[in-house]
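This report concerns only the one structure given below.
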Protein chains: 2
Amino acid sequence: MVTLTEVAKRARVTAATVSNVLRNREKVRPETAERVLKAISELGYRPNLNARALAEGRSSTLALMLSNLSNPFYPEFVLAAERAARKAGHFLMVCNTDDDAEIGRAYLNQIAGTLADGVLVMNTDIAINELCISAMHSAPILLAMWEHPEAPPALPCIAVDFARAGALAAGHLLELGHREIGMLVGDGCGGLQDARSNGFRAALREAGVETDTSAELVVRDSIDSGYAACMRLMASKPSLTAIFATNDLLAIGAGQALMSMGRAIPGDVSVIGITDIQLAHQVHPALTTVAINTTAIAELSIERLIRLIQQPSQAPEMVLAPPPELVVRASTGVRRSRAR
Amino acid sequence: MVTLTEVAKRARVTAATVSNVLRNREKVRPETAERVLKAISELGYRPNLNARALAEGRSSTLALMLSNLSNPFYPEFVLAAERAARKAGHFLMVCNTDDDAEIGRAYLNQIAGTLADGVLVMNTDIAINELCISAMHSAPILLAMWEHPEAPPALPCIAVDFARAGALAAGHLLELGHREIGMLVGDGCGGLQDARSNGFRAALREAGVETDTSAELVVRDSIDSGYAACMRLMASKPSLTAIFATNDLLAIGAGQALMSMGRAIPGDVSVIGITDIQLAHQVHPALTTVAINTTAIAELSIERLIRLIQQPSQAPEMVLAPPPELVVRASTGVRRSRAR
DNA sequence: GTGAAAGCGCTAACAG
DNA sequence: CTGTTAGCGCTTTCAC
């Protein structure tokens, strides 16, 4: 490995000068700089980022902690976060906790403040106060997707108005004439998605439509369980004309269930989800959903985290993500009077 | 930040002793060790991994470079690789190059040998000889999924027999009586998947079935393009009774296209892919495919990379991944005589 | 067993 | 502008 000192020797200067060339070229005479640059390329010198991190007291890498990469939402978030981090001159370390709080804890202890200057947390399986303790004696921690804007947590966070997302979904279905609506509530790696379901229910109530709790099912986040749950739901409540799922995975599963039961979408039953993952528009019929703008949230998260690293603030700030937006595609339609 | 020295002071020993306690407890008297441990927990000491990396000359983090996380295959691979790395006491840094060789180069230059002790490369957009150069003066590089076992590259690699995967797919379709088979060949972030298509064609020829090059389409890796390509294919060759796609994404897209054309699967047309990504069994009808055992490949990759770091070998070794296996699900069936 | 000392590769004052 | 001098926090000989 080629070191700074070797470069310095070859350029007949000292390490400090080489270091200066590498960062602010200001205080170095052009011809000296050139000599140094020449030595660098001749030797194929590459700075040791560990040494730099140690000396500078910061590593310029960020960590992103999430529960399980197998939910397609996360890769999408990671993709955007990685881009944002890279653009800001940081590396991104992905820490998958495998739905295991123990692993999350271990990661946090090892990484925060040493390998990573800050960490973005998407897990909800690790208690907030525990995270706070970590944050105390290490590095800034930011909650990347807080689902309850009305109740700011003790940590800085990006809040997403999921209640509104639920309400938008409800509004759309109501407008199409649906009154008997089944509901699939996700309870996967991200925790129970109750902000979404509450928002949905509230909107229904507000419109004077009574909500039928027997048409609600809480299920794990996955296409498979959405499929199974929808099967059960339609069996017990065949008169439903629409299905609202708190996330796209469930909605997609539900759609497949309906199709395999011979129910047309949206002819017989409409389906709507939340998030707008890639799959949502790749599936047929394309899924109507409420988009939360994953990219924007990821970028915002990275930006705030970096800011937090540069100037740690005492009061945990909550910043609101752009509001969710309804994306109408092919899986929802006007309720048809039932004639079978 | 609590340092080793502070712990040492509190335990009334010296840094060296604390360090000894932290690793091999052998040469330290039990009562001293206990005092040190007590100090560590009282102070909430957490080792600075940067400093350790610098002193030890290795960082115990591995890098995984891939072209684009938005292909669902990659998250699956990352998931498995992360687990394997973690179990082996390493961190995993995910480097998404966004299909940009420039970014890949930058990552390699910055990370290899400093932040990461070794790099797992899945990109094919970066020329091998370029990678070799990087490997020369930095850290071990391993190609995680080499598609041409018959032609070992100049770098250590895990080779997957994709030609065999193609042949298995062909065998399955032939057995079901299919003779007119359309082919979708992926050319996405992973490069043209010709080993797979060649294996498929060879198997067909061997069985005396003539391959119709006008029923082949080269397309980008995605559900969308699989969908579009299948539409075109069926329009120009309506007599096809089966579709072989070099990966599941294309196959899934093709399946959706067929269904939206009113063709039953597998009643009218059979569909088969390669890889066996999660989605393959979540889609309806569940996709018949040739599984490559992603998890095993990821684990093998990590294992070999770690070995390479511990004992660098001069001759780039190629190790063969477990052979692909046919997974029969619901998207393929016996060819029915056409009666329309 | 434990301590003292040197050094990993780099940065950051401060002199000159 | 450039060199000198100290570290950053940890590991690792080598004495004691």
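In the text below, chain A, chain B and the rest are named by the order of the sequence lines, each starting its count at 1. Note that the structure is a prediction, hence the values are computed from the model and not measured.
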Legend entry - Nearest-Å distance for atom pair CG/C1', residues A:Asn50 and C:dG7: 15 Å
Legend entry - B:Arg52 side chain near D:dT11 phosphate (N/O to OP1/OP2, under 4.0 Å): yes
Legend entry - Value in whole Å for how far the C1' atom of C:dG7 lies from CD of B:Glu56: 14 Å
Legend entry - A:Arg23 side chain, from C-beta outward: closest of C:dG9, C:dG1, C:dA12: C:dA12
Legend entry - Among D:dG3, D:dG9, C:dC10, the nucleotide that comes nearest once only the side chain of A:Leu54 is considered: D:dG9
Legend entry - Which residue lies more 5' along DNA chain C, comparing B:Ala51 with B:Thr17 via nearest heavy atoms: B:Thr17
Legend entry - Whole angstrom value for the distance that separates C1' of C:dA12 from CG of A:Leu22: 15 Å
Inset, instruction - Check whether any side-chain heavy atom of B:Pro75 lies under 4.5 Å from a side-chain heavy atom of B:Leu69, and answer yes or no. - result: yes
Legend entry - Candidates C:dC10, D:dG9, D:dT4 - which lies nearest the side chain of A:Ala55: C:dC10
Inset, instruction - Could you check whether A:Thr14 gets within reach of a base, just the sugar-phosphate, or nothing at all, counting any heavy atom under 4.0 Å? - result: base
Inset, instruction - Using a 4.5 Å cut-off on heavy atoms from C-beta on, say whether the side chain of A:Arg86 contacts that of A:Leu92. - result: no
Legend entry - Under-4.0 Å side-chain N/O to phosphate OP1/OP2 contact, B:Thr3 with D:dC8: no
Inset, instruction - Rounded to the nearest angstrom, tell me the gap between atom CE in A:Met1 and atom P in C:dC10. - result: 7 Å
Inset, instruction - Tell me whether the OP1 or OP2 atom of D:dT2 has a side-chain N or O from A:Thr32 closer than 4.0 Å. - result: yes
Inset, instruction - Give B:Ser19 one of three labels, base, sugar-phosphate or nothing, depending on what nucleic acid heavy atoms sit under 4.0 Å from its own. - result: base
Legend entry - Side-chain donor or acceptor of B:Glu317 paired with backbone N/O of B:Pro156 under 3.5 Å: no
Legend entry - Rounded distance in Å - CG (A:Leu49) to C1' (C:dT11): 14 Å
Legend entry - B:Leu4 CG to C:dG3 C1', straight-line distance once rounded to whole Å: 14 Å
Inset, instruction - Nearest whole angstrom, please: distance from the C1' of C:dT2 to the CZ of B:Arg29. - result: 9 Å
Legend entry - Short N-O contact, B:Glu34 and B:Lys38, less than 4.0 angstrom: no
Inset, instruction - Identify which one of B:His148, B:Met145, B:Met318 satisfies the side chain to side chain contact (heavy atoms under 4.5 Å, CB included) criterion when paired with B:Cys157. - result: B:Met318
Inset, instruction - Nearest whole angstrom, please: distance from the C1' of D:dT4 to the CG of A:Asn20. - result: 13 Å
